[in-house]
Amino acid sequence: MDAFEIAKLAQIASALEVSGYPKPGNVHRTRDYDDMVFEDFIISGIVIGDTIREACMDVDCDNPRLGKFILEAVRETDRWIKNNTNLGIVMMITPIAVAASISDSFDDVRENIKLVMANTCVDDACDLYDAINIADAGGMGNQDEYDVSSDSAKEELRSNNQTMFDVLKISAPWDMLAREMTSDMPAVFEIGFPTYNELVGEKSFNEACVLTFLTILSHVPDTLISRKYDSDEALKVSLMARDLLKLRDSADFVDALGDFDDFLFKNKLNPGTTADLTAASIFVSLLKDNF
């Protein structure tokens, strides 16, 4: 697929995800937070376009430099927005976009994601660490091994020849995005994408987005919540999402959805990882429709 087309679809997916409302526990078009607002996310989705396009042009499959482009996208976002609005989205979208650019059909995309992720290098790992630090994103890598906040982290990565895939694999047990990127993206390709792709044909963009978000959350406890609190709290939120989905065809659904959003907001329970997975799922659906 053409790099310009892929970049446009990445921008559209970012905009559709944040526009979904009320997307419980997250910033959306009717809910701002103290440190970030709806417009921050719209701007972030726009400014990554040039970097995604560059990443998809003349791809070297043996060295696709995913980390370089993740870092460039985060740096460009940081020029415009001074908080972490899209690190997770950029991390998910970049390998999907690059894989799409080297695919002859949509059916090749998932296999090519595995290819480009397997061919990441130590420089990619170092660039990813720089991106995480620019975005000031807590949790990923903040462990004893290759602590992203350590001054010697990149030196350790180089001395031990740790690729981006390697360090994400280490983070996978406690970070859902790392798990997705190193395990064939099951939440995106087996839950989020098929859900959104089916819903968008029969419902509005907004309804499709919110229901996809809830479906992912109901299946996969959000690791941003579990890192901030604990796994029991993340599971509790997932079970609440599951119960809410049982009401999706009832007259009470809209009110119950609003109540869930209010509950998460008041208790500072932010399923941010689920939002990133939703954006990636929308992106994959758009790719399928435009291949």
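Position 1 is the first residue of the sequence, and the numbers go up from there.
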Engineer: The criterion is side chain to side chain donor-acceptor pair (under 3.5 Å); which residues satisfy it with S285, sequence neighbours excluded?
Structural biologist: N197

Engineer: L269 versus F263: any side-chain heavy-atom pair under 4.5 Å?
Structural biologist: yes

Engineer: Is there a donor-acceptor contact under 3.5 Å from the side chain of N112 to the main chain of V109?
Structural biologist: no

Engineer: Of D130, D127, D123, which meets side chain to side chain donor-acceptor pair (under 3.5 Å) against K154?
Structural biologist: D130

Engineer: With a 3.5 Å distance limit and no angle check, can you tell me whether D2 reaches the backbone of F4 through a side-chain donor-acceptor pair?
Structural biologist: yes

Engineer: Could you tell me the separation between the CD1 atom of I48 and the CD1 atom of I70, rounded to the nearest 0.5 Å?
Structural biologist: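 The CD1 atom of I70 is 11.0 Å from CD1 of I48, to the nearest 0.5 Å.
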
Engineer: Should the pair R75-D78 be classified as a salt bridge under the 4.0 Å nitrogen-to-oxygen rule?
Structural biologist: no

Engineer: Taking all atoms of both residues into account, what is the closest heavy-atom pair of T215 and H219, and its distance?
Structural biologist: O-ND1, 2.9 Å

Engineer: For atom CD of E190, decide whether the heavy atoms of other residues, nucleotides or ligands shown that lie under 6.0 angstrom number more than 12.
Structural biologist: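 Above 12, so yes.
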
Engineer: Provide the closest heavy-atom pair for C56 versus A97 in the form atom of the first, atom of the second, distance.
Structural biologist: SG-O, 3.4 Å

Engineer: Is there side-chain contact between S281 and F189, with at least one heavy-atom pair below 4.5 Å?
Structural biologist: no

Engineer: For residues T273 and D276, is any side-chain donor paired with an opposing acceptor at under 3.5 Å?
Structural biologist: no

Engineer: For M164, is there any backbone N or O sitting under 3.5 Å from a side-chain donor or acceptor partner on D124?
Structural biologist: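 No; judged by distance alone, with no hydrogens or angles, the pair does not exist.
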
Engineer: Begin with the C-alpha distance, continue with both residues' side-chain angles, and end with the deciding distance and a verdict on salt bridge (charged side-chain N to carboxylate O under 4.0 Å, His left out) for E5 and K8.
Structural biologist: CA-CA 5 Å; E5 189 85 354; K8 290 176 184 176; 5.1 Å; no

Engineer: State, with a plain yes or no, whether a side-chain heavy atom of L199 is found less than 4.5 Å away from one of E207.
Structural biologist: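 L199 does not reach E207 side chain to side chain.
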
Engineer: Taking the basic N atoms (NZ, or NE/NH1/NH2) and the acidic carboxylate oxygens, is any pair closer than 4.0 Å for R79 and E76?
Structural biologist: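 So R79 pairs with E76 through a salt bridge.
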
Engineer: Please check this pair: side chain of D222 against backbone of T274, looking for a donor-acceptor N/O pair closer than 3.5 Å.
Structural biologist: yes

Engineer: Spell out, as yes or no, whether a donor-acceptor pair under 3.5 Å connects the side chain of S159 to the backbone of E156.
Structural biologist: yes

Engineer: Do the side chains of L16 and F283 get nearer than 4.5 Å, heavy atoms only?
Structural biologist: no

Engineer: Assess whether salt bridge (charged side-chain N to carboxylate O under 4.0 Å, His left out) is satisfied between K23 and E17, documenting all intermediate values.
Structural biologist: CA-CA 9 Å; K23 199 167 67 276; E17 183 279 319; 3.2 Å; yes

Engineer: Can you tell me which residue among M92, R110, M181 is in a side chain to side chain contact (heavy atoms under 4.5 Å, CB included) with V188?
Structural biologist: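 Checked M92, R110, M181 against V188; only one passes side chain to side chain contact (heavy atoms under 4.5 Å, CB included): M92.
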
Engineer: Using a distance-only test with no angle check, is there a side-chain donor-acceptor pair under 3.5 angstrom linking D175 and T223?
Structural biologist: no

Engineer: Do M1 and S101 have side chains that approach each other closer than 4.5 Å (heavy atoms only, starting at C-beta)?
Structural biologist: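 No; the side chains remain at least 4.5 Å from each other.
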
Engineer: Search all heavy atoms of A187 against all heavy atoms of L277 and return the closest pair with its distance.
Structural biologist: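 Taking every non-hydrogen atom into account, CB-CD1, 4.3 Å.
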
Engineer: Taking the ring centre of each residue, are F193 and F106 less than 6.0 Å apart?
Structural biologist: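 Between F106 and F193, which both carry aromatic rings, the centre distance is below 6.0 Å.
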
Engineer: For a quick test of reading the model, state the closest non-hydrogen atom pair linking I89 to S14 and the distance between them.
Structural biologist: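 The pair with the smallest heavy-atom distance is CG2-OG, 3.9 Å.
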
Engineer: Does a side chain donor of either T51 or E54 reach within less than 3.5 Å of an acceptor in the other side chain?
Structural biologist: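 Short answer, no.
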
Engineer: Would the Y33 and F265 ring centres measure less than 6.0 Å apart?
Structural biologist: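 Aromatic pair counts; centres sit under 6.0 Å.
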
Engineer: Determine yes or no for a side-chain-to-main-chain donor-acceptor pair under 3.5 angstrom, with T182 supplying the side chain and K169 the backbone.
Structural biologist: no

Engineer: Whether the T77 and N86 side chains hold a donor-acceptor pair (N or O, under 3.5 Å, no angle test) is what I'd like checked.
Structural biologist: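 Yes, because at least one side-chain N or O of T77 sits under 3.5 Å from a partner of the opposite role on N86.
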
Engineer: Assess, by modelled atom type and distance only, whether the side chains of N26 and N270 contain a donor and an acceptor separated by less than 3.5 Å.
Structural biologist: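 Yes.
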
Engineer: Taking all non-hydrogen atoms of both residues into account, name the closest pair between L71 and A131 and its distance.
Structural biologist: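 Scanning both residues completely, I find the closest heavy atoms to be CD1-N, 3.6 Å.
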
Engineer: So which atom in P64 and which in V59 form the shortest heavy-atom distance, rounded to 0.1 Å?
Structural biologist: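 Where P64 meets V59 most closely, the heavy atoms are CB-CG1, 4.3 Å.
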
Engineer: Going through the distances and angles, do R31 and D262 end up as a salt bridge (charged side-chain N to carboxylate O under 4.0 Å, His left out)?
Structural biologist: CA-CA 10 Å; R31 170 88 76 188; D262 289 340; 2.7 Å; yes

Engineer: Under a 4.5 Å cut-off applied to non-hydrogen side-chain atoms, are S238 and V220 in contact?
Structural biologist: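 They are not in side-chain contact.
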
Engineer: Would you say the side-chain atoms of D261 pair up with the backbone N or O of P22, donor to acceptor, closer than 3.5 Å?
Structural biologist: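 The answer is no, because no donor-acceptor pair under 3.5 Å joins these two groups.
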
Engineer: Do the side chain of N267 and the main chain of L264 share a donor and acceptor less than 3.5 angstrom apart?
Structural biologist: no

Engineer: Looking at side-chain heavy atoms only, is the closest gap between D32 and M36 below 4.5 Å?
Structural biologist: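 With C-beta onward as the side chain, the pair stays apart.
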
Engineer: With distance as the sole test, does T120 use its side chain to make a donor-acceptor pair with the main-chain N or O of V116 at under 3.5 Å?
Structural biologist: no

Engineer: If we only count heavy atoms from C-beta on, is the F291 to S103 side-chain gap below 4.5 Å?
Structural biologist: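 Sidechains of S103 and F291: in contact.
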
Engineer: Could you give me the CA-CA distance, side-chain angles and deciding distance for F205 and I282, then say whether side-chain contact (heavy atoms from CB on, under 4.5 Å) is met?
Structural biologist: CA-CA 10 Å; F205 285 124; I282 294 172; over 6 Å; no

Engineer: Report yes or no: does N160 contribute a side-chain atom to a donor-acceptor pair with the main-chain N or O of Q162 at less than 3.5 Å?
Structural biologist: no

